[in-house]
A.B. asks: 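Encoded as structure tokens, here's the structure I'll be asking about.
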Amino acid sequence: MRAMRGVGAVAAVVVLVSGCGGGGDGGDAKPTVTSSSPSAPTAPSSVPPEPPVVLTAEEKVDALAESEGWLPDEVASAYVADICDTLTSREESGADPVEWLTLDKTDGEHAAVLKAGVPLLCPEWSKTVTEVLGSGVRFYSDGTYQVKSKPGSAADAIAPGAYRVVVALEDCYWERTSKGGEIIDNGFATSARDITVTIAPSDGQFTARGCGVWKPVR
């Protein structure tokens, strides 16, 4: 055979050895296959929660009115804001805010909106609104009232007891009369700041003119 010149071909022989140590029987060795578990996929970064929705005071009033079914044909917050402005303007002008609120003849739904909304929109009037609308105690303004032991919700009835008006008064007239209309007691003040009248169970009527708001004496 002729010898080959040049670069000889290099044969690579890979020997796979299975196991170590002596005493082998010289049999065919099988390659050891090592398997590794694939790494777990990286969890996506957590998405931060959306910040809570913060409602304005007006939105809170409107949302509450809607949930309760109050004033479906009005904007509740606008109504409350108007009452707040009126109370403030009356106080600034020297008028009695309590008297105005008492004369306003607020119905049940409007009263509920005011009691819920005034603490949010004009908390400085919360005490007044609670006193007039939320205390369960009735106030009396100008008019003639029949004396009844249990007046209930009658607009023209008043229970026996002591009533007081505390405000700057001018030309205030009041009278207690019998059931037949005879004057039992009366008073006229051209100027006063504090008047108390006690209505007896036997009285027939109580009348007041220009005296502001009478509040029960507790």
Side-chain angles (χ1 to χ4, degrees), residues 70-71 79-80 82-119 121-218:
W70 297 330
L71 312 185
Y79 168 70
V80 175
D82 181 60
I83 297 298
C84 292
D85 291 343
T86 301
L87 291 171
T88 300
S89 63
R90 288 187 66 84
E91 182 181 56
E92 291 174 349
S93 66
D96 184 6
V98 174
E99 178 183 7
W100 176 82
L101 193 58
T102 303
L103 292 172
D104 189 49
K105 306 299 183 186
T106 304
D107 61 29
E109 283 190 8
H110 286 81
V113 170
L114 287 180
K115 287 185 285 185
V118 165
L121 299 186
C122 52
E124 67 273 17
W125 290 111
S126 294
K127 181 179 179 181
T128 298
V129 169
T130 300
E131 184 181 30
V132 176
L133 303 177
S135 64
V137 178
R138 184 175 171 184
F139 296 169
Y140 294 86
S141 55
D142 288 351
T144 297
Y145 303 93
Q146 297 180 22
V147 179
K148 296 182 179 180
S149 59
K150 295 181 179 180
S153 59
D156 62 346
I158 189 170
Y163 294 84
R164 184 184 183 190
V165 58
V166 182
V167 69
L169 300 172
E170 292 182 0
D171 299 333
C172 164
Y173 175 76
W174 62 267
E175 66 179 28
R176 296 165 47 216
T177 57
S178 67
K179 291 180 174 61
E182 296 85 4
I183 293 178
I184 299 172
D185 193 11
N186 66 349
F188 179 77
T190 55
S191 178
R193 297 187 61 85
D194 190 339
I195 298 175
T196 300
V197 175
T198 299
I199 300 173
S202 57
D203 289 355
Q205 291 80 222
F206 173 72
T207 299
R209 296 284 186 272
C211 299
V213 176
W214 298 88
K215 304 176 184 179
V217 177
R218 302 177 184 180

A.B. asks: Listed by chain and number, what are the salt bridge (Lys or Arg N to Asp or Glu O under 4.0 Å) partners of Lys115, not counting sequence neighbours?
C.D. replies: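 Applying salt bridge (Lys or Arg N to Asp or Glu O under 4.0 Å) to Lys115 gives none.
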A.B. asks: Check for a donor-acceptor pair, side chain of Thr130 on one end and backbone N or O of Lys127 on the other, with a separation under 3.5 Å.
C.D. replies: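 Between the backbone of Lys127 and the side chain of Thr130 there is no qualifying donor-acceptor contact (under 3.5 Å).
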A.B. asks: With sequence neighbours left out, what residues match Lys148 under side-chain contact (heavy atoms from CB on, under 4.5 Å)?
C.D. replies: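 Result, side-chain contact (heavy atoms from CB on, under 4.5 Å) vs Lys148: Gln146, Ala157.
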A.B. asks: Sequence neighbours left out, what passes side chain to side chain donor-acceptor pair (under 3.5 Å) with Glu182? Give chain and number order.
C.D. replies: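 In terms of side chain to side chain donor-acceptor pair (under 3.5 Å), with neighbours along the sequence ignored, Glu182 is linked to Ser178.
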A.B. asks: Which pairs pass ring-ring contact (aromatic ring centres under 6.0 Å, His included) with one or both residues in residues 148-169, sequence neighbours excluded?
C.D. replies: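 Sorted result for residues 148-169: Tyr140-Tyr163.
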A.B. asks: Should Ile184 and Thr177 count as side-chain neighbours, where that means a heavy-atom distance under 4.5 Å?
C.D. replies: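 A side-chain contact is absent here, since even the closest heavy-atom pair is not under 4.5 Å.
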A.B. asks: Just wondering, do Lys215 and Val98 contact through their side chains at under 4.5 Å, heavy atoms?
C.D. replies: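 Touching, per the 4.5 Å side-chain cut-off.
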A.B. asks: Kindly write out the residues that satisfy side chain to side chain donor-acceptor pair (under 3.5 Å) with Trp125, not counting sequence neighbours, or none if the list is empty.
C.D. replies: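 Applying side chain to side chain donor-acceptor pair (under 3.5 Å) to Trp125 gives Thr88.
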A.B. asks: Which residues pass the side chain to side chain donor-acceptor pair (under 3.5 Å) test with Asn186, not counting sequence neighbours?
C.D. replies: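 For Asn186 the side chain to side chain donor-acceptor pair (under 3.5 Å) partners, ignoring immediate neighbours, are Tyr173.
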A.B. asks: Could you tell me whether a side-chain N or O of Asp203 sits under 3.5 Å from a main-chain N or O of Ala200, the two making a donor and an acceptor?
C.D. replies: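 Yes; judged by distance alone, with no hydrogens or angles, the pair exists.
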A.B. asks: How would you list, by chain and number, every residue that makes a side chain to side chain donor-acceptor pair (under 3.5 Å) with Thr144, sequence neighbours excluded?
C.D. replies: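 Testing Thr144 for side chain to side chain donor-acceptor pair (under 3.5 Å), a comparison that skips the adjacent residues, returns Thr207.
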A.B. asks: Leu101 and side-chain contact (heavy atoms from CB on, under 4.5 Å): which partner among Val213, Thr86, Val129?
C.D. replies: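 By the side-chain contact (heavy atoms from CB on, under 4.5 Å) criterion, Leu101 pairs with just one of Val213, Thr86, Val129: Val129.
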A.B. asks: For Glu175 and Ile183, which heavy atoms make the closest approach, and how far apart are they?
C.D. replies: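 Result for this residue pair: OE1-CD1, 3.7 Å.
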A.B. asks: I need the minimum non-hydrogen distance between Lys179 and Ser202, along with the two atoms involved.
C.D. replies: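 So the minimum-distance heavy-atom pair works out to NZ-O, 3.5 Å.
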A.B. asks: Holding to side-chain contact (heavy atoms from CB on, under 4.5 Å), I want the full list of residues that pass it with Pro160, two or more places apart in sequence or in another chain.
C.D. replies: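 So Pro160 forms a side-chain contact (heavy atoms from CB on, under 4.5 Å) with Val147, Pro201.
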A.B. asks: Rounded to the nearest 0.5 Å, what separates atom CH2 in Trp174 from atom OG1 in Thr196?
C.D. replies: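 The CH2 atom of Trp174 sits 10.0 Å away from the OG1 atom of Thr196.
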A.B. asks: Output every pair passing disulfide (SG to SG under 2.5 Å) with a member in residues 163-218, not counting sequence neighbours, ordered by first then second residue.
C.D. replies: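 Sorted result for residues 163-218: Cys172-Cys211.
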A.B. asks: Please report the closest heavy-atom contact between Glu131 and Phe139, naming both atoms and the distance.
C.D. replies: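 Scanning both residues, the minimum pair turns out to be CG-CZ, 3.4 Å.
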A.B. asks: State which residues pass side-chain contact (heavy atoms from CB on, under 4.5 Å) with Ala192; sequence neighbours excluded, sorted by chain then number.
C.D. replies: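 If we apply the side-chain contact (heavy atoms from CB on, under 4.5 Å) test to Ala192, skipping adjacent residues, the hits are Leu169, Ala189, Ile195.
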A.B. asks: With the side chain counted from C-beta on, respond yes when Val118 and Ser126 share a heavy-atom pair under 4.5 Å apart, and no when they do not.
C.D. replies: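 Result yes, sub-4.5 Å side-chain heavy-atom pair found.
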A.B. asks: Applying side-chain contact (heavy atoms from CB on, under 4.5 Å), name anything that partners Thr198, two or more places apart in sequence or on another chain.
C.D. replies: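 Counting only residues at least two positions away or on another chain, Thr198 forms a side-chain contact (heavy atoms from CB on, under 4.5 Å) with Ala162.
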A.B. asks: Taking the side chain as every heavy atom from C-beta outward, state whether Ser141 and Trp214 have any atom pair closer than 4.5 Å.
C.D. replies: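 No, too far: nothing below the 4.5 Å cut-off.
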A.B. asks: With sequence neighbours excluded, give me every salt bridge (charged side-chain N to carboxylate O under 4.0 Å, His left out) pair touching residues 151-171.
C.D. replies: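 Residue pairs passing salt bridge (charged side-chain N to carboxylate O under 4.0 Å, His left out), neighbours aside: Arg164-Asp194.
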A.B. asks: Just verifying a value: how many Å separate Asp85 CG and Leu121 CG, rounded to the nearest 0.5 Å?
C.D. replies: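 Nearest 0.5 Å value for the CG-CG distance: 10.0 Å.
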